[in-house]
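Each remark here refers to the structure printed beneath this line.
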Amino acid sequence: LVELERRAGDPEPRRSLRLELARLDETVRGKPEDAEVWFKRMVKADPEDVEAREGLRRVYRRAQRWNELLAILTEDSARLEGMARADLLYEIARLSIDHLDDPGRARVALEEIRTIQPDRPMALRELLALYEAAASWEEAAITARALAGLSSDPREKLLLLHRLGL
């Protein structure tokens with residue numbers, strides 16, 4: 001396959017061969033670093049190649065290469081809109097909290113989700129926790145009210161509002 005890839009003149013057969021080589025290295029051969037090389041070649045040939053970019057995200061995630069994962073998630077989220085963008089922003093927020101100890105970056109991502117999808121409770125709960133940890137009480141109150149408005153459970157509504165003395 002490597003020899004076929006070298007000889008392939010047209011972009012599409014070359015892309016297909018590179019994708020197959022990357023998948024083999026990633027899954028069968030257990031060589032994620034080799035898969036990364038193939039995925040990067042694909043991205044270099046076509047920066048919009050969704051399968052190659054997803055492959056790089058998998059490789060970075062499995063290798064716990066958080067900064068590289070953050071970089072590609074950030075690039076990819078900038079290319080998207082709506083719910084797809086919100087999903088990647090949520091992943092950026094979780095990565096920033098769980099692995100990069102960067103609540104500021106998480107806050108920015110979650111605030112952007114709130115503008116895209118204001119009825120996403122999980123993102124609002126995370127944002128509320130960040131506001132509380134930073135003692136940003138005005139923002140916390142606004143977020144708690146938004147969460148209470150989304151909740152169908154009266155007890156949760158009361159707890160949210162009581163939590164902030166509202």
Side-chain angles (χ1 to χ4, degrees), residues 15 18-136 138-153 156 159-160 163:
R15 182 203 173 277
R18 286 177 176 169
L19 181 60
E20 186 61 29
L21 287 162
R23 287 180 176 161
L24 285 171
D25 283 335
E26 182 183 12
T27 58
V28 177
R29 294 186 186 124
K31 294 184 175 184
E33 62 283 349
D34 292 344
E36 178 184 4
V37 170
W38 293 115
F39 287 134
K40 281 185 172 180
R41 285 182 185 174
M42 292 172 66
V43 168
K44 186 176 179 183
D46 177 8
E48 305 290 323
D49 190 318
V50 173
E51 288 178 297
R53 298 184 74 79
E54 287 174 353
L56 282 172
R57 291 198 315 246
R58 281 192 312 273
V59 167
Y60 295 152
R61 194 174 291 110
R62 286 185 187 131
Q64 299 181 359
R65 292 167 52 191
W66 308 126
N67 288 315
E68 285 136 311
L69 178 58
L70 176 64
I72 197 162
L73 285 170
T74 301
E75 289 172 13
D76 290 348
S77 71
R79 290 182 165 98
L80 299 172
E81 294 180 6
M83 188 177 242
R85 180 175 173 84
D87 290 344
L88 287 186
L89 287 167
Y90 187 75
E91 191 171 348
I92 288 169
R94 290 299 333 152
L95 178 65
S96 298
I97 292 167
D98 296 340
H99 301 292
L100 298 174
D101 192 28
D102 191 348
R105 184 183 308 271
R107 180 177 171 168
V108 168
L110 291 166
E111 286 171 342
E112 191 169 343
I113 292 170
R114 184 174 56 192
T115 64
I116 296 168
Q117 202 176 14
D119 60 344
R120 191 171 186 153
M122 189 172 278
L124 290 173
R125 281 188 192 96
E126 307 248 359
L127 191 54
L128 177 59
L130 289 173
Y131 286 148
E132 289 176 330
S136 298
E138 188 174 332
E139 291 94 345
I142 292 166
T143 306
R145 281 188 189 110
L147 263 172
L150 292 174
S151 178
S152 59
D153 181 358
E156 182 184 24
L159 286 172
L160 281 166
R163 192 164 149 183

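Numbers here simply count residues along the sequence, with the first being 1.
- No salt bridge links R61 with E54; every basic N to acidic carboxylate O contact stays at or beyond 4.0 Å.
- Residues R79 and E48 have side chains in contact (heavy-atom distance under 4.5 Å, counting atoms from C-beta outward).
- The minimum heavy-atom distance between A86 and I113, with the atom names listed, is O-CD1, 3.6 Å.
- Evaluation of the side chain to side chain contact (heavy atoms under 4.5 Å, CB included) rule for A93 yields A106, A109, L110 as partners, not counting sequence neighbours.
- Between R62 and E26, at least one side-chain N (NZ, or NE/NH1/NH2) sits under 4.0 Å from a carboxylate O, which counts as a salt bridge.
- Between D49 and R15, at least one side-chain N (NZ, or NE/NH1/NH2) sits under 4.0 Å from a carboxylate O, which counts as a salt bridge.
- Here the closest non-hydrogen pair linking V43 and A52 is CG2-CB, 3.7 Å.
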Go through it in stages, so that I can follow the logic: the residues are D34 and R29, the test is side-chain contact (heavy atoms from CB on, under 4.5 Å), and I'd like the CA-CA distance, side-chain angles, deciding distance and then a yes or no.
CA-CA 9 Å; D34 292 344; R29 294 186 186 124; over 6 Å; no
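- The closest side-chain heavy-atom distance from L89 to L73 is not below 4.5 Å.
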Do Q117 and L124 pass the side-chain contact (heavy atoms from CB on, under 4.5 Å) test, and can you show the C-alpha distance, the side-chain angles, and the key distance before you say yes or no?
CA-CA 10 Å; Q117 202 176 14; L124 290 173; over 6 Å; no
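- Distance CG/L147 to CG/L127: 9.0 Å, rounded to 0.5 Å.
- For the pair R107 and E112, the salt-bridge criterion is not met [side-chain N within less than 4.0 Å of a carboxylate O].
- Residues L130 and P103 come closest through the heavy atom pair CD2-CB, 3.8 Å.
- Panel note: side chain R85, backbone S77; a donor-acceptor pair is recorded below 3.5 Å.
- Side-chain contact check for R57 versus L88: some heavy-atom pair is nearer than 4.5 Å.
- With contacts defined as side-chain heavy-atom distances shorter than 4.5 Å, the pair Y60/E36 qualifies.
- Contact of the F39 side chain with the R18 side chain is not registered, since no non-hydrogen atoms from C-beta on lie closer than 4.5 Å.
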Apply the test side chain to side chain donor-acceptor pair (under 3.5 Å) to residues Y90 and E126: give CA-CA distance (whole Å), side-chain angles for both, the deciding distance (0.1 Å), then the verdict.
CA-CA 10 Å; Y90 187 75; E126 307 248 359; 2.7 Å; yes
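- Considering CG of L128 and CZ of R145, their distance stands at 12.0 Å, rounded to 0.5 Å.
- Salt bridge absent: D46 and R41 never bring a charged side-chain N and a carboxylate O closer than 4.0 Å.
- With sequence neighbours left out, the side chain to side chain contact (heavy atoms under 4.5 Å, CB included) criterion links E156 to R125, S151, D153, L160.
- Partners of D98 by side chain to side chain contact (heavy atoms under 4.5 Å, CB included), not counting sequence neighbours, listed by chain and number: R94.
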Assess the residue pair Y131 and E138 against the criterion (side-chain contact (heavy atoms from CB on, under 4.5 Å)); give the C-alpha distance rounded to whole Å, side-chain angles, the decisive distance to 0.1 Å, and a yes or no.
CA-CA 9 Å; Y131 286 148; E138 188 174 332; over 6 Å; no
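- The environment of CG in D101 is sparse: at most 12 heavy-atom neighbours from other residues, nucleotides or ligands sit within 6.0 Å.
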Residues R23, E51; criterion salt bridge (Lys or Arg N to Asp or Glu O under 4.0 Å); working and verdict:
CA-CA 10 Å; R23 287 180 176 161; E51 288 178 297; 2.8 Å; yes
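- In this structure, the side chain of R53 engages the main chain of P47 through a donor-acceptor pair within 3.5 Å.
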